[in-house]
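Whatever order the structure lists ligands and atoms in, that order sets their numbers, starting from 1. In this chain, numbering begins with 1 at the start of the sequence shown.
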Amino acid sequence: MRILVVEDDTLLADALTRCLTQSAYAVDLARDGAAANETLATNPYDLVVLDVGLPKMDGFEVLRQLRARRSSIPVLLLTARDTVEDRVYGLDLGADDYLTKPFDLPEFEARVRALIRRGYNGVTSEVVHGRLRFDTVGRRLFYDDQSVDLTAREVALVELLLSREGKVVSKEQMVAHLYGWGDEVGSNAIEVYVHRLRKKLEFADFNVRTVRGMGYLLDKPREG
Ligand code: CA
């Protein structure tokens, strides 16, 4: 899961970024509307946290252009003004949810989880793969009812593979979903993570195949 945070207030931007990173999301930060607009046009995101009051281009305009490109990425608007007109305007432009500053981080996290869950498959918060079960809200993997101990990056990788079960995921897609801009990505980092994940889930029916020259593919679970 990769999230774009668009916020010009440094303190708030840092707090939001840290909070999301700790929850195992890959996070990019844009500090003005023009930069946000540019990155949204070219990068895949699973969620945008969008401040309304921004330099260069306001959040409403970023949102308007995003929806004009027919993107359905969930958008959580942040605003300093709590007026009905603003809320209605934002929702009419295609925002999915709304938070008025100041807000508490636990509430922010809950809204983020709800929007990602909605974008994930619309209804349930769980993805089942044989005896494995991934809780997209709590971001934890279970084997039967036993929690599987994974690092934040491994969680992100499991999540991505499960969401593309039976389809090839390229290394570039993995890098895009697992890392933010600020992260150094070693040349064989993805191989290392896939290798570790295979080892950790050896006991489960979690077969990640290498598709030469293309990427990786998680097999559908065997029947029964
Ligand atoms: Ca602002």
Side-chain angles (χ1 to χ4, degrees), residues 1-120 136-139 152-153 155-156 159 175-185:
M1 288 285 148
R2 190 173 180 192
I3 299 179
L4 179 67
V5 173
V6 191
E7 173 60 68
D8 58 318
D9 179 305
T10 309
L11 275 181
L12 183 57
D14 287 352
L16 298 181
T17 304
R18 206 174 321 122
C19 159
L20 293 172
T21 306
Q22 277 165 5
S23 301
Y25 298 110
V27 184
D28 292 334
L29 176 65
R31 295 184 187 278
D32 65 65
N37 193 44
E38 206 167 294
T39 185
L40 280 168
T42 50
N43 289 294
Y45 289 100
D46 300 289
L47 176 72
V48 186
V49 176
L50 182 61
D51 184 28
V52 170
L54 290 168
K56 295 187 185 170
M57 182 189 286
D58 76 12
F60 287 140
E61 182 57 20
V62 174
L63 176 59
R64 198 190 61 73
Q65 295 201 21
L66 179 74
R67 295 306 185 223
R69 290 191 297 272
R70 300 187 178 280
S71 166
S72 59
I73 305 171
V75 172
L76 173 60
L77 274 187
L78 308 180
T79 183
R81 296 174 298 181
D82 186 19
T83 66
V84 176
E85 292 78 18
D86 262 19
R87 257 196 309 252
V88 170
Y89 187 56
L91 294 171
D92 278 350
L93 281 175
D96 298 272
D97 202 359
Y98 214 95
L99 265 179
T100 306
K101 296 177 187 177
F103 49 82
D104 294 324
L105 284 180
E107 184 178 8
F108 168 72
E109 288 182 271
R111 302 283 183 107
V112 165
R113 283 196 300 267
L115 285 177
I116 284 183
R117 181 174 56 211
R118 217 186 289 170
Y120 208 96
T136 61
V137 180
R139 303 181 58 66
R153 291 256 204 260
V155 165
E159 184 170 45
V175 169
H177 277 266
L178 265 60
Y179 295 89
W181 292 327
D183 298 324
E184 281 284 323
V185 184

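- When distances from the Ca ion (ligand 1) to the N, O or S atoms of Asp51 are compared, OD2 comes out shortest.
- Around OH of Tyr89, the count of heavy atoms belonging to other residues, nucleotides or ligands within 6.0 Å does not exceed 12.
- With respect to Glu7 and Lys101, a salt bridge is recorded, a charged nitrogen being found less than 4.0 Å from a carboxylate O.
- For Asp8, the N/O/S atom at the shortest distance from the Ca ion (ligand 1) is named OD1.
- No side-chain donor-acceptor contact under 3.5 Å links Asp51 to the backbone of Leu54.
- For Gly53, the nearest N, O or S atom to the Ca ion (ligand 1) falls under 3.0 Å.
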Practice prompt. Take Asp96 and Arg67, measure what salt bridge (charged side-chain N to carboxylate O under 4.0 Å, His left out) needs, and give me the verdict at the end.
Written response: CA-CA 12 Å; Asp96 298 272; Arg67 295 306 185 223; 3.0 Å; yes
